[in-house]
Number of protein chains: 2
Amino acid sequence: MTQDVKETFGSPGGSLAAKVRTLAPSMTRSMQRVAEAVANDPGGCAALTVTGLAELTGTSEATVVRTARLLGYPGYRDLRLALAGLAAQQQSGRAPAITTDIAVDDPLADVVTKLAYEEQQTLADTAAGLDTGQLGAAVGALAGARRTDVYGVGASGLVAQDLAQKLLRIGLIAQAHSDPHLAVTNAVQLRSGDVAIAITHSGSTGDVIEPLRVAFEHGATTVAITGRPDSPVTQYADHVLTTSTSRESELRPAAMSSRTSQLLVVDCLFVGVAQRTYETAAPALAASYEALAHRHRTNPR
Amino acid sequence: MTQDVKETFGSPGGSLAAKVRTLAPSMTRSMQRVAEAVANDPGGCAALTVTGLAELTGTSEATVVRTARLLGYPGYRDLRLALAGLAAQQQSGRAPAITTDIAVDDPLADVVTKLAYEEQQTLADTAAGLDTGQLGAAVGALAGARRTDVYGVGASGLVAQDLAQKLLRIGLIAQAHSDPHLAVTNAVQLRSGDVAIAITHSGSTGDVIEPLRVAFEHGATTVAITGRPDSPVTQYADHVLTTSTSRESELRPAAMSSRTSQLLVVDCLFVGVAQRTYETAAPALAASYEALAHRHRTNPR
DNA sequence: GTCACAGATGAAAGATATTTTCGGTTCGGT
DNA sequence: ACCGAACCGAAAATATCTTTCATCTGTGAC
């Protein structure tokens, strides 16, 4: 009946597997082979020397080291250490795993379970991969901003609106733009002390990059929320917040998991800003709550 | 406030600490110093090279290696790997100490962890509480609908738009309405064979109930997605999908968790409908993907 | 189709880290 | 004080990791 879907917090290997997925597109073929090997069997790889791993993946030592660097470690030695830790974690925490994709003939109960599980996974990965330094910088900029513009189209457009709505609720001046022309028109008005935020999973959505570029060139502080930290949008971003990229299937397109991931980042931004501006945010939140109360019919028992 | 994280010398670190205690008598003075350092701070020592650890303990590399051997490892390299694993385990052991609400003075890292955790919780609760019978009925209605209207205002409005976007992608005719007047105007057009969906957390949002009532009275199949299964909105709903209502705090208003919950329900609806109409849904999904491809700049390596 | 170029790749040289060797030192017993 | 045994660390030897650089491969321009 109701499957047990709790206890999935912080999937052991999630952090690294997610990193591999996020970075895979920016990797070369051989590096991908190495990354895959490492993600699939952290423990096994931890037991290998550079040379061993190079042979196993049919590449060279140099490539292994390059991959380690790309994954954020100073060198192979450190990757290996991290791998050992990961393996130990996996060992201790049982790895349940509903690995199967959602199939066309899955009963609805399974669909619910799998979707919930995958979204939980996405959240854990995102939280693990979020750079709190960058987040802090973005929060600081937002908290002190004269005004804030948020750009996003398609599914990301809704996330952009969500963020703008939230910021408005704590007394900030924020606006979301889905229309690329209006977005650029508005971006021209920004200047130092303003903040512009672009939300795009692929990081290559021209309609979103353009207004961010304009804002950037006019001196605004710019933030990019993207799943591809090496994508074009980051060129014009002072701060980059990375969302996780999870496995996608035909019935669960990327748009779905990227939205979950983006919303978590947006929530973090919101709470961060609310903390920093607590003096003004708290009364503003209360006020907006009050203002909406009369839109609700009296609630029956 | 930061949770108390007492060092519970449990099973994970016990193995090594115990070994040290057992073997200590048979160790020479310098080796004891090394063993002690390793037992006290596995993580810290894992970060050191032989030379580093030798200096730290005021001994030599040879002694460190000898100690490693005595502890049962082939050499220092392997001890170091084990140490890293141990540290990771200890680390993960203290993780689930996130029972507290988000506080104003929480560091950002905690905010991220807590938010992710709470949203995961919300997802699990929603999945557990979702009535698959009602869901199936709603999916059936959607799959066969001539057209579908989705109503939602405020935060729920974004969810409504998300659902409409998704349904459009698989070739259905769907529209989201945030403007209550336009929503009612549109609802009047609905008739048997059409579907109207109202999304409201409180279930008492007049602006959303009204169009649903009109749709209901005109013979459309009506669905309510709400956190209050006993609220006014359900009066006019043929099928009720319940979202979970989780604890809210000042810094994490209800709107935030209800959104997560609503989106999961919406995703389930979407996937359910996509399954039932797979023949037409799959090509439609592919087509919409294709159509958007050219909006993305080519990605750099 | 060919050419030129940028980037990817691996072999080997170079730098570090680990292990072993070996001689000096300490300490207890006589 | 002397002897022997165990302890210890400096430095050589080895293994491992990192960097460099020449070659190769795929891509786009013409």
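Proteins get letters first, then strands, A, B, ... in listed order; numbering begins at 1 in each. No experiment lies behind these values; they were computed from the predicted model shown.
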In whole angstroms, how far is the P atom of D:dG9 from the CE atom of B:Met31? 12 Å
List the atom of B:Val65, the atom of B:Tyr76, and the distance in Å for their closest heavy-atom pair. CG2-CB, 4.4 Å
Going by distance alone, is a donor N or O of one side chain under 3.5 Å from an acceptor N or O of the other, for A:Thr126 and A:Ser261? yes
Considering every strand and a 4.0 Å limit on heavy-atom distances, what is the contact class for B:Arg80: base, sugar-phosphate, or nothing? sugar-phosphate
Spacing of A:Asp78 atom CG relative to C:dT16 atom P, expressed in whole Å: 15 Å
Taking atom types as modelled, is there a side-chain donor on A:Thr205 or A:Thr200 under 3.5 Å from an acceptor on the other? yes
Could you check how far OH of B:Tyr76 sits from P of D:dT16, rounded to whole Å? 16 Å
Does the side chain of A:Thr63 get closer than 4.0 angstrom to OP1 or OP2 of C:dT9 through an N or O atom? no
Can you identify which nucleotide, out of C:dT20, C:dA8, D:dC17, has its nearest atom closest to the A:Thr49 side chain? D:dC17
Okay, side chain of B:Gln120, backbone of A:Gln120: is any donor-acceptor separation there less than 3.5 Å? yes
Using 4.0 Å as the upper bound for N to carboxylate O, is an ion pair formed by A:Glu210 and A:Arg213? yes
Can you pull out the residues from residues 50-62 of chain A that lie within a 4.0 Å heavy-atom distance of DNA chain C? A:Gly58, A:Thr59, A:Ser60, A:Ala62
Determine whether a donor-acceptor pair (one donor, one acceptor, N or O, separation below 3.5 Å) exists between the side chain of B:Arg66 and the base of D:dG9. yes
Would you mind reading off the distance between A:Arg33 atom CZ and C:dA8 atom P, rounded to a whole angstrom? 14 Å
When rounded to whole Å, the CZ to C1' distance for the pair A:Arg77 and C:dA17 reads 5 Å
At less than 4.0 Å, is any side-chain N or O atom of B:Arg69 found next to OP1 or OP2 of C:dT20? Yes or no. yes
Between A:Asp149 and A:Ile197, is there a side-chain heavy-atom distance shorter than 4.5 Å? no
Note: A:Ala196 and A:Leu212 closest approach over all heavy atoms is O-CD1, 3.7 Å
Closest listed nucleotide, where the reference is the side chain of B:Arg29 and the choices are C:dT9, D:dC17, D:dC8: D:dC8
